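Note that these values count all heavy atoms, side chains included, but never hydrogens, waters or copies made by symmetry. Because the structure is a prediction, the values reported are computed rather than measured. Both ligands and their constituent atoms are indexed starting at 1 by order of listing.
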Amino acid sequence: MSTRTAVITGASSGIGAATARRLASAGYRVVLTARREDRINALAGELTAAGHTAIPYVLDVTDRPAVDAFAAFLDDHGPVEVLVNNAGGAIGTETVATADPADWRTMYDVNVLGTLHMTQALLPRLVDAEGTVIVLSSTAGLATYEGGGGYVAAKHGAHVIAETLRLELCGEPVRIIEIAPGMVRTEEFALTRFRGDKDKAAAVYNGVAQPLTADDVADTIAWAVTRPPHVNIDLLVVRPRAQASNYKVHREA
Ligand code: 8X3
């Protein structure tokens with residue numbers, strides 16, 4: 001029973017799936033949660049075939065009763081050492097003046113309340129296990145940009161959860177680690193933001209030699225998690241070399 005367990009939200013694609021692969025390789029039993037059953041089943045199959053232990057569990061982190069039921073399900077599966085709050089995303093690029101409040105609400109629900117639900121539900125287990133809470137925020141959690149208001153507001157919310165929780169739990173045997181990625185090219189992030197417009201989504205990365213990959217970010221998560229338990233990486237900002245700020249991106253012609 002020495003196997004450690006990591007719960008990953010949004011494990012169906014992108015940074016979540018890459019993190020599941022990294023943590024499985026680091027020896028964790030991974031619990032893959034996401035809304036899309038086919039995707040987490042496929043990933044669990046891949047990891048199991050590679051000799052790892054992976055448990056898929058369909059979960060919408062915005063649904064509090066479902067999150068509580070998930071926490072009860074975990075009672076039969078031993079301690080939980082790591083929670084990776086990865087589920088999140090951006091919708092739209094409208095200005096503050098023109099944005100649809102419904103989009104803002106959706107982004108707040110998943111990026112902020114989703115993280116809150118999961119953290120509240122699993123925190124007793126994580127403290128018991130001398131565990132780690134990872135909050136995947138974003139460089140959008142640290143500075144704003146035009147057209148990003150709703151997402152930036154939500155990611156600032158995620159950032160504040162991490163900072164506040166670390167203060168409130170100081171002295172408890174649990175780490176609160178925030179990872180704030182900049183430009184990462186994943187299959188879905190920009191596509192969701194641009195409501196399925198493939199050309200606009202692709203243009204985000206135009207001329208950028210090497211945006212980060214999901215695995216680059218997963219690598220930083222696995223690194224932070226595998227430091228000795230007394231070492232808390234408070235906040236790790238990770239961007240591609242071609243990006244110096246939310247605004248300043250080097251693009252080749
Ligand atoms: C993603 C980074 O620049 O699209 O979280 O806000 S950005």
Chi angles and distances behind the salt bridge (charged side-chain N to carboxylate O under 4.0 Å, His left out) call for R22, D216: CA-CA 10 Å; R22 282 270 176 183; D216 291 328; over 6 Å; no
Looking just at side-chain N and O atoms, do Y205 and R185 make a donor-acceptor pair shorter than 3.5 Å?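 Checked: Y205/R185 side chains show no N/O donor-acceptor pair below 3.5 Å.
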Give the protein residues with at least one non-hydrogen atom closer than 4.0 Å to an atom of ligand 1, ordered by chain and number.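 Residues near ligand 1: S138, A140, Y145, Y151, G182, F189, R193.
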So, do R29 and I55 sit near enough that their side-chain heavy atoms are less than 4.5 Å apart?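 Sidechains of I55 and R29: in contact.
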Set of side-chain hydrogen bond (donor to acceptor under 3.5 Å, both in side chains) partners for T119, sequence neighbours left out: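 T119: side-chain hydrogen bond (donor to acceptor under 3.5 Å, both in side chains) contacts with N85.
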Who passes ring pair (Phe, Tyr, Trp, His ring centres under 6.0 Å) against F189, sequence neighbours left out?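 Result, ring pair (Phe, Tyr, Trp, His ring centres under 6.0 Å) vs F189: Y151.
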Looking at residues at least two apart in the chain, or sitting in another chain, which of them share a ring pair (Phe, Tyr, Trp, His ring centres under 6.0 Å) with F73?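 In terms of ring pair (Phe, Tyr, Trp, His ring centres under 6.0 Å), with neighbours along the sequence ignored, F73 is linked to Y57, H77.
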